[in-house]
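Just below is one structure, and these are the notes that go with it.
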There are 2 protein chains.
Amino acid sequence: MPRIRHKRLDCSPGCAVEATLELIDGKWKGVILFHLLHGTMRFNALRKRLPTVTQRMLTAQLRELEQDGFVLRTVYAEVPPKVEYSLTERGRTLEPVITALKQWGDTHTRFGTDTQRETEPEAAPAGG
Amino acid sequence: MPRIRHKRLDCSPGCAVEATLELIDGKWKGVILFHLLHGTMRFNALRKRLPTVTQRMLTAQLRELEQDGFVLRTVYAEVPPKVEYSLTERGRTLEPVITALKQWGDTHTRFGTDTQRETEPEAAPAGG
DNA sequence: CCGAATCCCATGTGATACTG
DNA sequence: CAGTATCACATGGGATTCGG
């Protein structure tokens with residue numbers, strides 16, 4: 001059964017605020033969008049970034065983002081299976097929003113203190 | 001029982017994104033924040049802006065916003081009761097975020113087409 | 001006028017097992 | 001590797017009722 005997204009919006013001008021919020025809400029969408037901003041990723045690559053997400057949830061969130069036209073899902077007819085996710089043009093328009101969200105978080109929450117960088121290698125370097 | 005906010009965040013750098021999202025998520029927080037950006041409002045004034053919100057929900061969202069240090073609740077010892085809500089300093093730091101959210105919504109959703117303005121009078125002018 | 005308490009259903013999300 | 005199906009539980013949110 002196709003889930004009904006976008007329940008009801010009965011605000012005033014602030015409406016646009018909630019409308020946007022509903023699209024990027026969902027437990028993992030923000031992070032997914034953020035990571036995809038840095039480039040195309042495979043399903044399992046995404047999982048690595050979201051250590052505790054379940055397969056079910058990751059799939060679900062990705063599907064919703066796809067439905068909303070933010071991400072593109074590319075399936076390669078190979079074996080083993082390979083599926084890549086990337087942002088669409090529309091998805092990239094969210095960059096300012098994601099950035100604003102991240103900046104605020106960096107400045108005002110404890111998560112701004114983590115010094116991880118998104119350029120870390122996918123696999124540990126062999127030679128240490 | 002005090003509800004547990006901020007479940008668990010186990011992202012990567014994108015963490016800050018979700019952290020912010022969790023704070024402004026909730027069915028009505030975005031709109032509330034947006035309206036409060038324009039100035040102090042009484043409980044019922046807020047209700048007028050959010051036509052379908054229930055008392056229970058408005059109270060709840062306001063309480064969470066208060067907990068998170070975004071809004072200030074001022075109770076006047078009068079009768080009939082009068083309670084005013086306004087943004088705290090911290091609350092105002094969210095302005096860029098709310099703005100980004102609104103701008104995107106204005107540009108990319110159907111809610112960008114409403115022409116209402118937030119400067120409409122609280123009460124009808126007596127003398128016309 | 002503002003809000004708390006209670007009841008109740010829909011949904012979100014996690015765990016687990018199975019499939020191509 | 002990527003994804004689906006089913007079960008189970010916690011939470012979100014609406015309706016209604018009661019109180020200062």
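Below, read A as the first sequence line, B as the second, and so on, with proteins coming before strands; counting in each chain starts at 1.
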Rounded distance in Å - [atom1] ([X]) to [atom2] ([N]):
X	N	atom1	atom2	value
A:Q61	D:dT4	CD	P	14 Å
B:W28	D:dG13	CH2	P	10 Å
B:D25	C:dT11	CG	C1'	14 Å

Which nucleotide in the list [options] gets nearest to the side chain of [X]?
X	options	result
B:R42	D:dG14, C:dA17, C:dC2	C:dC2
B:T59	C:dG3, D:dA2, D:dG3	C:dG3
B:F43	C:dT13, C:dC2, D:dG13	C:dC2
A:R56	D:dA15, C:dA15, C:dG3	C:dA15
A:P81	C:dG20, D:dG14, C:dA17	C:dG20

Nearest-0.5 Å distance, CG of residue A:L50 to CD of residue A:Q61: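 The CG atom of A:L50 sits 9.5 Å away from the CD atom of A:Q61.
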Nearest-0.5 Å distance that lies between atom CG in B:L58 and atom CH2 in B:W28: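 The distance works out to 9.5 Å.
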Short side-chain N/O contact to C:dG3 OP1/OP2 from B:R73, under 4.0 Å: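 Yes, within the criterion.
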Phosphate-side-chain proximity, B:R63 and C:dA4, N/O vs OP1/OP2 below 4.0 Å: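 The answer is yes; a side-chain N or O of B:R63 sits under 4.0 Å from OP1 or OP2.
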Side-chain donor or acceptor of B:T40 paired with backbone N/O of B:E84 under 3.5 Å: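 A pair under 3.5 Å: no.
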Minimum-distance pair of heavy atoms, taken over all atoms of B:T20 and A:L101: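 Closest approach of B:T20 to A:L101: OG1-O, 2.8 Å.
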